[in-house]
Amino acid sequence: MKKIVNDPERVVQDMIQGLVTAHPGSVKQLPDTTVITRKDAPVSGKVGLVSGGGSGHEPAHAGYVGKGMLDAAVAGEVFTSPTPDQVLEAIKAVDSGAGVLLIIKNYTGDVMNFEMAAEMAEAEGIQVEKVVVNDDVAVEDSSFTSGRRGIAGTVFVHKIAGAMAEKGGSLQEVKAVAEKVIRNVRSMGVATSPCTVPAAGKPSFELADDEMEVGIGIHGEPGIERKKVATADEIAGELTDKIFTDLDFANSDVAVMINGLGATPEMELYIVNGKVQAILADQGMNVYKTFVGEFMTSLEMAGCSVTLLKLDNQLKELLDAPSTAPAFYS
Amino acid sequence: MKKIVNDPERVVQDMIQGLVTAHPGSVKQLPDTTVITRKDAPVSGKVGLVSGGGSGHEPAHAGYVGKGMLDAAVAGEVFTSPTPDQVLEAIKAVDSGAGVLLIIKNYTGDVMNFEMAAEMAEAEGIQVEKVVVNDDVAVEDSSFTSGRRGIAGTVFVHKIAGAMAEKGGSLQEVKAVAEKVIRNVRSMGVATSPCTVPAAGKPSFELADDEMEVGIGIHGEPGIERKKVATADEIAGELTDKIFTDLDFANSDVAVMINGLGATPEMELYIVNGKVQAILADQGMNVYKTFVGEFMTSLEMAGCSVTLLKLDNQLKELLDAPSTAPAFYS
Amino acid sequence: MEIFQVEHARKWMKATNERIQEKKQELTELDQAIGDGDHGINMARGFREVMTKLDGETYQHVADVMKDVAMTLMSKVGGAAGPLYGTAFLKLSMAFKGQDVDYPLFTKGMEDAVAGVKQRGKSEVGEKTLVDVWSAVLEKLQENDHFDGSLMLDTAKAAMENTKETMATKGRAAYLKERSIGHLDPGSVSSFYLFESLAGVIREGV
Amino acid sequence: MEIFQVEHARKWMKATNERIQEKKQELTELDQAIGDGDHGINMARGFREVMTKLDGETYQHVADVMKDVAMTLMSKVGGAAGPLYGTAFLKLSMAFKGQDVDYPLFTKGMEDAVAGVKQRGKSEVGEKTLVDVWSAVLEKLQENDHFDGSLMLDTAKAAMENTKETMATKGRAAYLKERSIGHLDPGSVSSFYLFESLAGVIREGV
Ligand SMILES: Nc1ncnc2c1ncn2[C@@H]1O[C@H](COP(=O)(O)OP(=O)(O)O)[C@@H](O)[C@H]1O
Ligand SMILES: Nc1ncnc2c1ncn2[C@@H]1O[C@H](COP(=O)(O)OP(=O)(O)O)[C@@H](O)[C@H]1O
Ligand SMILES: [Mg+2]
Ligand SMILES: [Mg+2]
Ligand SMILES: [Mg+2]
Ligand SMILES: [Mg+2]
């Protein structure tokens with residue numbers, strides 16, 4: 001796999017440089033860190049929102065930094081959770097005294113690093129709360145394991161918690177609505193080709209010409225089942241089926257996200273969307289809003305995920321609230 | 001190349017279906033056509049803007065339909081210009097009496113089909129003007145050939161002409177500003193992997209593991225030169241060099257677009273942007289606004305293009321004007 | 001063959017469609033080499049629709065057949081080939097309008113068709129486009145005074161093969177400049193199948 | 001070896017770094033099979049930084065070496081391995097603080113380290129993680145009463161190899177459930193290199 005990079009070991013630094021120069025009016029980099037914050041951070045009186053994780057999921061997470069969404073995003077090395085010292089810098093940079101909420105995707109590494117940062121921040125007198133997103137229904141939610149993974153549904157947590165913080169919600173209120181989103185959001189994905197970590201130089205797994213990986217993670221980790229490539233309609237059916245088995249969406253108002261994993265043409269995402277919408281209509285669900293595009297990618301992996309979020313009036317209002325984040329303008 | 005589709009011969013219809021159901025509040029499909037228009041078309045008193053071309057360039061062109069941008073986009077088969085009858089339907093649907101501007105990318109097929117539609121529309125008494133975008137400096141502009149191709153710079157034409165139409169410009173004024181953008185916009189791209197037309201089923205060209213194609217088109221047509229893959233910095237240097245040779249940007253205010261061709265991770269686009277910004281700063285140019293993402297793709301081709309637009313006050317104001325198009329929110 | 005009749009026109013289109021469907025992938029591969037890889041797909045779609053259209057209609061005049069062919073190609077092929085083939089058949093239809101198509105009228109129709117294609121494509125002979133094949137066929141028609149299938153076949157073939165050695169200055173292949181040399185022009189190859197089919201109809205006579 | 005000294009600690013880290021750099025790709029490939037393919041990259045980056053750090057410092061106590069190792073790994077490795085290795089060395093440092101590290105104290109340090117790792121990772125023995133290797137080594141240290149390099153090496157190796165046959169219930173490999181069986185756990189392999197290096201230092205003595 002060819003990469004348009006300079007040095008595989010420096011991709012994160014180079015990317016951050018390119019990101020900050022692209023959006024100089026809205027974001028800034030904390031010097032000597034891989035932390036991107038709102039230019040106006042800390043926002044006086046506002047609860048600070050910090051998320052992040054390994055790099056390679058762009059536009060996540062820095063693309064969601066902006067008014068109405070995150071205050072800071074911490075970028076780790078590719079597919080590697082950022083370290084506690086970096087997360088701590090982010091927390092300190094966005095805390096205005098109203099406390100900070102960490103939005104963590106449920107991976108052992110992310111949880112441990114963010115937790116350690118939270119402990120350090122609390123030791124410095126900052127109020128920190130955290131929520132852990134685990135929307136991926138591909139993985140069983142068992143108390144004997146580390147549980148389900150966090151994938152594209154995380155973007156809805158950023159958006160809605162961000163809107164709550166922006167309108168002045170307290171740390172507990174922001175945390176509560178983030179948890180409400182987490183309870184009501186489910187996702188699942190499929191990959192038709194692997195991705196290559198720049199420093200690894202070879203694909204994370206191999207797929208035959210007629211195979212796909214169902215229940216794929218967003219780090220090139222293998223999915224849960226390998227099978228013959230199916231049609232867009234079949235894929236839409238399988239992913240939504242799995243989601244409905246996990247959470248009952250009957251008669252709900254839902255937000256839909258069809259997320260490209262990196263290399264999938266937008267054309268294909270729309271084709272999948274067409275079927276997803278038909279399925280939801282069939283089942284009597286009411287689609288409130290649809291998002292089609294790349295929101296939580298896995299480098300140049302081909303494939304997509306489907307995310308459904310059950311909405312009540314509060315969530316609708318917060319989903320619709322303005323955001324100036326480069327990757328989620330609304 | 002695996003595709004997430006249902007039937008390779010029906011991808012365009014399926015895509016349009018998925019697109020319209022994703023944005024039911026803002027766009028609609030003209031029945032039995034591949035035309036997407038603003039939901040509120042024709043907008044009374046406003047000049048109508050119609051663009052389009054082959055499919056496979058998503059989010060172009062339907063993603064740019066919205067208030068402040070296009071009134072209609074006509075989708076052809078993959079990489080194939082739409083036919084005159086379809087373009088004619090689009091013209092008729094958006095004309096409110098103030099006339100219609102066609103924004104055409106400079107490919108023989110597009111020019112011919114749109115011209116024929118214009119002739120038919122004029123025969124029906126509709127005032128039609130057209131502009132032809134030819135921003136790709138990879139191809140020589142010669143009077144003996146069909147001239148340079150239109151690529152990602154087209155999006156700036158959509159945006160700026162769209163803003164002019166929205167604020168009430170006459171057909172001549174809208175055309176004039178579109179032509180001003182065309183005179184001042186230049187692009188060039190590079191590919192590191194080919195793409196596969198769904199109905200063709202095999203890649204459009206082959207590249208060795210260490211090769212890239214410089215001056216690539218957006219239809220999988222081969223570029224102008226094949227060479228060893230270079231670093232992001234070298235690529236940024238080569239593309240901007242070629243652009244500066246064609247048009248002098250010294251001391252200008254510029255808009256920058258780093259466009260992904262389909263499969264390139266956003267991380268890499270940002271890395272390229274970092275160097276492009278450094279080069280522009282070095283040369284004393286002032287970057288007014290930067291766009292990094294997928295704007296004019298070529299299915300799942302890997303690679304990117306760099307577009308520079310020289311701005312005056314009028315263009316800045318129109319570039320900043322609001323747009324509600326799904327793929328260009330501002 | 002003295003008069004080119006409705007049945008001849010139908011056979012021509014049927015044979016052309018069969019050839020194009022058969023050669024769909026070849027045409028696409030030729031277009032992948034120096035274009036964008038859709039020519040076979042576009043032509044196959046267009047002629048399939050032509051057959052559907054013709055099979056559902058009855059015609060009095062060749063001109064009416066040509067018109068339906070023109071309109072179908074124009075609205076189903078797209079790209080560069082659609083308007084060009086569409087224009088060609090439209091010109092044939094206009095020239096033939098309401099008349100019996102004898103050799104002189106057929107030749108006149110071809111003159112208009114070639115002129116129309118050149119104008120639409122702003123192109124001339126020698127630019128490595130389908131104009132090369134159409135013009136060569138026209139020239140022989142003009143030199144001769146009766147339908148001659150073998151001559152048409154040989155002429156179209158030679159002109160088509162000749163595009164391999166020329167450099168493209170029009171169409172997508174023009175971007176490749178020197179690199180376009182050594183490849184057949186896809187539009188010339190599809191045009192060859194068209195005239196090869198016509199030659200067959202001529203040779204078979206009524 | 002009676003007392004584990006600063007020089008031993010340095011040699012331990014140096015040998016570990018060499019092994020990790022050498023095995024960077026192997027570790028990454030193991031992680032590609034059942035994880036996300038970054039373990040070798042992360043460990044190599046971390047230990048390279050450890051060497052840079054240690055080379056620039058002078059130390060009085062082993063505890064201080066362990067602390068710098070901990071802090072460096074914590075801030076340079078990331079992922080799951082960073083906090084786990086970081087915690088382990090931090091616990092060693094805390095246990096050793098200001099004291100000479102004899103066998104009982106080393107064992108005490110390892111007890112704290114393993115407890116710390118288990119707590120941080122919410123994991124137990126048998127879940128196919130590096131806890132398996134650390135716990136096995138600890139157990140033998142507890143059973144014995146003097147440093148024994150060969151025993152440590154054999155123990156670590158057996159525990160590491162044993163992860164191949166178990167099913168992961170923690171870490172990224174857990175998502176694969178049964179499919180994780182048949183693959184070595186990358187973190188256990190890197191931990192093996194760590195104890196293999198320590199065993200070498202022990203055998204060489206002072
Ligand atoms: N300007 C032109 N004049 C005449 N023929 C042309 C011109 N441009 C292209 N062609 C013909 O059209 C063919 C390509 O058709 P097609 O692949 O269907 O269209 P596109 O290039 O739009 O993909 C070429 O091989 C050439 O013969
Ligand atoms: N909960 C856990 N407890 C103990 N060790 C764990 C846990 N999760 C993962 N590990 C160890 O970490 C290793 C993976 O490290 P690494 O690849 O660096 O992190 P990541 O999984 O975040 O990419 C695994 O092989 C395993 O040994
Ligand atoms: Mg990782
Ligand atoms: Mg084409
Ligand atoms: Mg073509
Ligand atoms: Mg890993």
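Atom CG in D:D31 sits 10.5 Å away from atom OG in A:S204 (nearest 0.5 Å). Atom NZ in A:K202 sits 3.5 Å away from atom CD in D:E29 (nearest 0.5 Å). The distance from the CZ atom of D:R172 to the OG1 atom of A:T108 is 7.5 Å, given to the nearest 0.5 Å. Within the model, atoms CG of D:D38 and CZ of A:F79 stand 9.0 Å from one another, a figure rounded to the nearest 0.5 Å.
In this structure, the side chains of A:M112 and D:L84 come closer than 4.5 Å at one or more pairs of heavy atoms. Contact check for D:M74 versus A:M116: side-chain heavy atoms found under the 4.5 Å cut-off. Using a 4.5 Å heavy-atom threshold, the side chains of A:D85 and D:K76 count as separate. Considering only heavy atoms from C-beta on, A:T83 stays 4.5 Å or farther from D:V77 through its side chain.
By number of non-hydrogen pairs under 4.5 angstrom with chain D, the leading residue of A:Q86, A:E77, A:R149 is A:R149. Among A:P82, A:P84, A:G217, A:G220, the residue making the largest number of heavy-atom pairs under 4.5 Å with chain D is A:P84. Ranked by heavy-atom pairs shorter than 4.5 Å toward chain A, the options D:K177, D:K122, D:M71, D:R45 are led by D:R45. The residue among D:I41, D:L176, D:T87 with the most heavy atom pairs within less than 4.5 Å of chain A is D:I41. Between chain A and the residues D:G86, D:G35, D:S75, D:S123, the most heavy-atom pairs under 4.5 angstrom are made by D:S75. The choice from A:V78, A:D110, A:V197, A:T80 that makes the most heavy-atom pairs within less than 4.5 Å of chain D is A:T80.
For D:D55, the CG atom sits in a packed shell: over 12 heavy atoms of surrounding residues, nucleotides or ligands are nearer than 6.0 Å. For CD of D:E143, the number of neighbouring non-hydrogen atoms (other residues, nucleotides, ligands) closer than 6.0 Å is greater than 12. For CE of A:M120, the number of neighbouring non-hydrogen atoms (other residues, nucleotides, ligands) closer than 6.0 Å is greater than 12. For A:K3, the NZ atom sits in a packed shell: over 12 heavy atoms of surrounding residues, nucleotides or ligands are nearer than 6.0 Å. For A:E124, the CD atom sits in a packed shell: over 12 heavy atoms of surrounding residues, nucleotides or ligands are nearer than 6.0 Å. Atom CG of A:D210 has more than 12 neighbouring heavy atoms from other residues, nucleotides or ligands inside a 6.0 Å radius.
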Ignoring hydrogens and angles, write down the donor-acceptor pairs under 3.5 Å from the side chains of residues 110-121 of chain D, residues two or more places apart or on other chains.
residue, atom, partner, partner atom, Å
D:E111, OE2, D:Q142, NE2, 2.9
D:D112, OD1, D:K108, NZ, 3.1
D:D112, OD2, D:K108, NZ, 2.7
D:R120, NH1, A:E119, OE2, 3.4
D:R120, NH2, A:E119, OE1, 3.0

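Counting all heavy atoms, side chain and backbone alike, D:Y175 lies closest to A:V139 at CD2-CG1, 3.5 Å. Scanning both residues, A:A200 and D:G37, for their nearest heavy atoms gives CB-O, 4.2 Å.
Listed for the D:R179 side chain is a donor-acceptor partner under 3.5 Å among the backbone atoms of A:G223. A donor-acceptor contact shorter than 3.5 Å links the side chain of A:N113 to the backbone of D:G79. Proximity of a side-chain donor or acceptor of D:Q32 to a complementary backbone N or O of A:P203 within less than 3.5 Å is detected.
Neither the backbone nor the side chain of D:A81 has a heavy atom closer than 4.5 Å to any heavy atom of chain A.
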